Every structure is written in structure tokens, then in C-alpha cells.
Amino acid sequence: MAGHDAASVELSRNVSFIEQALFYTDDLKKQAISVDGKDGMLLYIDSLVDQEMIQTHILSALYEKTDAVSHQMFTTLSSQKDTDLQNAADSLIQGYCIFMINGAEEFFILSSEKTYARSTDEPENEGIIRGPHNGFIEQLSINLNLIRKQIVTPSLVVRYFYVGSKTRTKIAIVYVQDLANPELVEAVKTRIKAISSDMVLPPGFIQEFIEDNPFSLFPQQLSTERPDRVTANLMEGRIAILAEGSPTALIAPVSFFAFYQSPDDYHGRWIISSFLRTIRMMSFLIAFTLPAIYIATIAFHPAILPLELAHTIKKSLENVPFPAIVEAMLLELIFEVLREAGVRLPSRVGQTIGIVGGLVIGDAIVRAGLVSYTMIIVVSLTAISSFLVPSHEMSSAVRILRFPMMIAAALFGYIGIAFGLLFLTIHLCKLETFGTPYFAPLAPFRLGDMKDVFIRFPIWTFHQRPYDSQAQKLKQQNDSRSWKRRE
């Protein structure tokens, strides 16, 4: 093999090349072994390999060998021959062992990587009542196994990519060959191949590199740790992106309404699921408009309140020295601080801080006359509504939206709220993700796809896949209730 990275027949020269390629790192181990009267060298990075595997499957096989080394001696390991020393160095940092023999250009690359796999427990932030209770982990091969266990078809395709010149993050694109749009698949591949960075840490880095509108507040790929959720989206013709070292899968393309759909919706009665989804959609509006409506009502439009309610609110505001916008901002910031503290602290302490902190601080600032009781009620309802979103990223976006809405309400009253909602609607209608309208099927309006938006129709009515998934075949099932008409 020609080239400056080609292996030499001299063992010392090959070992020296690898040492230089790895900058003489201290965890590079070398073990001299003589096989069939020839000097050999086993090289591996101590922090990446499974020592028990080396002792049991590699060293024992080499010590017992009396003739030439071949593939057959490593029957329990994945092994291959190579002559490119740069490949040897790259394999070492991926957890493989290299065995070289003096007088031979070819060397062996032996599988010996160490793996730390936790159990596939249900994700804490995506718990459900009915349905599968397993979740992705940080090992890509196990995550792909969980998907293949649910989609048992040769049409399920996995494509691997490596991104990050230093981190060499392994990424898998998963899709169903006869369902996913080829143009969509190619667009995802092109964007991933275009990533040029020393460091790529999934999933946040990947999400920001490939999304259409990086300055939008709204997430444009659905992130999930649930295999059943990934499976359902793959069967609609969408694409999943998974990475080594991360339990999170990214799904594209998705619409705004996908973030308000929960796996529980499809495991329960459709009427109950529709009721719960309606509550979630209402919580979206409450989460970022309720403080703004309260501020605008108090500051500009108190006459619209019933007389008794107006007197009650006025009485609670008598000892408050700040305008409503300052009250709301103060309380919202306190809630955000308590929430962040609860997330960062250990689980038991975090829950205590969240509950006790909210009660103590809330009661203290009301007694001190800094905010009113009515503002406490408004902000509490707003906080609870933001937690009804099944997606953490969408929940964060909604929580941030309330601040510009409160400012608009404090400056212009209901007119400010109306313009804020108008700008938000325009933005959602203009937003696209991989060529799919973000606000579909509402804009552009498609009546056939409205069966799974604000409410969920019975599953046997879903004859076609959603148009926004860009699937090659829209039809997904026949009339499964035809037996009823024959009775």
C-alpha cells in the first residue's frame, strides 16, 4: 500500500508512528508478545478498553498460538486487517486494540471497547400512565435496538455520520425507506455533512446547526427520549437523529402541534385524550397571556370587571407601591429562580426548595406589601399552565414569551396584547422546518389533518398520514371498522 501512512515491515517504526500520532499519551499501553518466533506488539488505550476482554479473548488466544496469526484465532471478537497506520491510530481512540507483528505490513484491529450501559428506564421528564415504560440511554446501539424491536421491517434504514473534527461524534439518521421523502432524507444528510466544528455535543449542537431559523424562540425539531414516540413519527414518514453519548432523539420535520401531543393520548380513550389535549392547548394561551391580560385590565381597562371583583382587586392593591408590571416581573423572576434552583439541587432538596420557597417567599412579599394576592394567583396559574406542555423546550419558549407580552400590555393595554398575538401568529405561519410549514395543518389549512390537532379522533379514522410529514405514501390504513357494517 503506497502513501506516507502505510505500515512498514519494521515493528518499531509502526509503533513509533502510532505513538507520535497520539502525542505519546500516557494511557497508551504496549504489551510485547512473541508469536511463532516473531516479535509482536499489542497496543491499546487503557482508559477505553475492557481489560477483562483483553485478558480473556485476546491475550489468551495469542499466548496459545503456535503458528501464523489469522482471523480464525479471534473467534469471539470482531477483527479486521489493515495496512494504514492512521486507521490504526483512529481505531485506538475508538476503543479498539491493535496487534502488530515484526516483518508484516498488515496488522489486526480487534474489538475491545468498554461500555457503560445503564438500564433503559422510563425518562423522568416524559413519564406516562399507560404504554411502554422504557427509554433511550447514552449508548447508540441499544437505542437503535429499541427502535428495531418496534419496527420489524427491512425498510428501516440507519445511516452513520461522524461530526466534529476533535470529538468525532457518531450520529445515526434513522428512517423508513419506503415512507420517508428522499428529498427530506437528502436535506438532513446535507446539513449534517456541512457541520464543520471541532466540537459537536448532541443534541443541542446538532439541533442548532441544522435548524432553518436559529433565531426563532420555538424549537424546530422534537426532542424525545421515548422509543415509542420515535417509532410513531418514523411510521409517519419523518426522520429521527440519534447520537452516541446522548439519550435524546431529534425528530424532523415537525409542526407546532406535535409538541402538545403526548404518548398517553394514544393509549387511552379518544374522548378523554381529546379533553386532556384541549386543556393543554388552552394552557398554551394561559401561560403567556394571563399576566398580560391582568396588567392591561388593571392599568387601562378596569371598567370591564364586575363591580364586586373590581372592589376586591382594588382592595388588594391599596398597600402595593408598585404598578402591576413591576409586580408581575418581580413574581415571575422569583418563580424562575426557584424553578432553576429546584432543577440544579438534588431531587429531594429541590422539591423542598420549590414548595417551601414558593410558600414562604410568596407569603412574605404579600405581607410586606410588595405584591398583591391577586397577582400571586395570576402568576401561580401561569406557572402551572406552562408545566402542562409535554415538551421541555416548548415549555421554556412559552415561559419566555410572557415577558414581552407583559411589556406590551403595560404600554398599550389590550391593543398591545392584540398586536403581540398578531406578530406571534405571523411568525408561526412564516416559520418552516425542512420545508414543512410549522403551523400546519392550521396554516396552510388542511381539514383532513385536523383529526389529531386540538382533539384526537379515534385511531381507526386515521386513514392517511399527516401531509406535513412529507411521507411518500400518505395512506396508512384501510377502513378497520368495516366488520361493524357487515353485522
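This structure is a prediction, so every number in the text was calculated from the model and none was measured. Computed over heavy atoms, backbone and side chain alike; hydrogens, waters and symmetry mates excluded.
Residues Arg130 and Asp264 are not paired through a salt bridge, judged by the lack of any N-O separation under 4.0 Å between the basic side chain and the carboxylate. Between Glu106 and Lys81 there is a salt bridge, since a side-chain N of the basic residue sits under 4.0 Å from a carboxylate O of the acidic one. Between Arg465 and Asp452 there is no salt bridge, since no side-chain nitrogen of the basic residue lies less than 4.0 Å from a carboxylate oxygen of the acidic one.
Here salt bridge (Lys or Arg N to Asp or Glu O under 4.0 Å) pairs that include residues 243-257, with residues two or more places apart or in two chains, number zero.
The CD1 atom of Ile455 lies 12.0 Å from the CE atom of Met281; values are rounded to the nearest 0.5 Å.
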Side-chain polar contacts of residues 19-26 - donor-acceptor pairs under 3.5 angstrom, sequence neighbours left out - could you list them?
| from | atom 1 | to | atom 2 | distance (Å) |
| --- | --- | --- | --- | --- |
| Glu19 | OE2 | Lys30 | NZ | 2.4 |
| Gln20 | NE2 | Ser16 | OG | 3.4 |
| Thr25 | OG1 | Asp27 | OD1 | 2.6 |

Anything under 3.5 Å between a donor and an acceptor, one on a side chain of residues 428-436, the other on a protein residue two or more places apart or in another chain? List them.
| from | atom 1 | to | atom 2 | distance (Å) |
| --- | --- | --- | --- | --- |
| Thr433 | OG1 | Gln220 | O | 3.1 |
| Thr436 | OG1 | Asp468 | O | 3.0 |
| Thr436 | OG1 | Gln470 | NE2 | 2.6 |

Show me the side-chain donor-acceptor pairs of residues 148-164 shorter than 3.5 Å, one per line, residues at least two apart or across chains.
| from | atom 1 | to | atom 2 | distance (Å) |
| --- | --- | --- | --- | --- |
| Arg148 | NH2 | Leu156 | O | 3.2 |
| Thr153 | OG1 | Ser155 | N | 3.2 |

Side chains of residues 182-192: which donor-acceptor pairs under 3.5 Å do they make with residues two or more places apart or in other chains?
| from | atom 1 | to | atom 2 | distance (Å) |
| --- | --- | --- | --- | --- |
| Thr190 | OG1 | Glu186 | O | 2.8 |
| Arg191 | NH1 | Ile210 | O | 2.7 |
| Arg191 | NH1 | Asp212 | OD1 | 3.0 |
| Arg191 | NH2 | Asp212 | OD2 | 3.3 |

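Judged purely by atom type and a 3.5 angstrom limit, Arg277 has no side-chain atom pairing as donor or acceptor with the backbone of Arg456. Counting only distance, with no hydrogens or angles, the side chain of Asn143 and the backbone of Ile137 share a donor-acceptor pair below 3.5 Å.
Between Phe256 and Tyr438, the ring planes lie perpendicular to each other; the angle is over 60°, past the 30° to 60° tilted range. The aromatic rings of Trp270 and Phe457 sit tilted, their planes meeting at an angle between 30° and 60°.
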**Item:** side-chain hydrogen bond (donor to acceptor under 3.5 Å, both in side chains) between Asp46 and Gln51, intermediate numbers included
**Value:** CA-CA 8 Å; Asp46 184 53; Gln51 292 288 350; 2.4 Å; yes
**Prompt:** Is there a side-chain hydrogen bond (donor to acceptor under 3.5 Å, both in side chains) between Ser8 and Asn14 once you walk through the steps?
**Reply:** CA-CA 6 Å; Ser8 168; Asn14 295 337; 4.6 Å; no
**Prompt:** For Phe257 and Phe454, what are the C-alpha separation, side-chain angles and deciding distance, and is it a ring-ring contact (aromatic ring centres under 6.0 Å, His included)?
**Reply:** CA-CA 8 Å; Phe257 301 100; Phe454 298 106; 5.4 Å; yes
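Shown here for Tyr260 and Pro390, the closest heavy-atom pair between the two residues is CA-CD, 4.0 Å.
In terms of the side chain to side chain contact (heavy atoms under 4.5 Å, CB included) criterion, residue partners of Ser141 (sequence neighbours excluded) are, by chain and number, Gln139.
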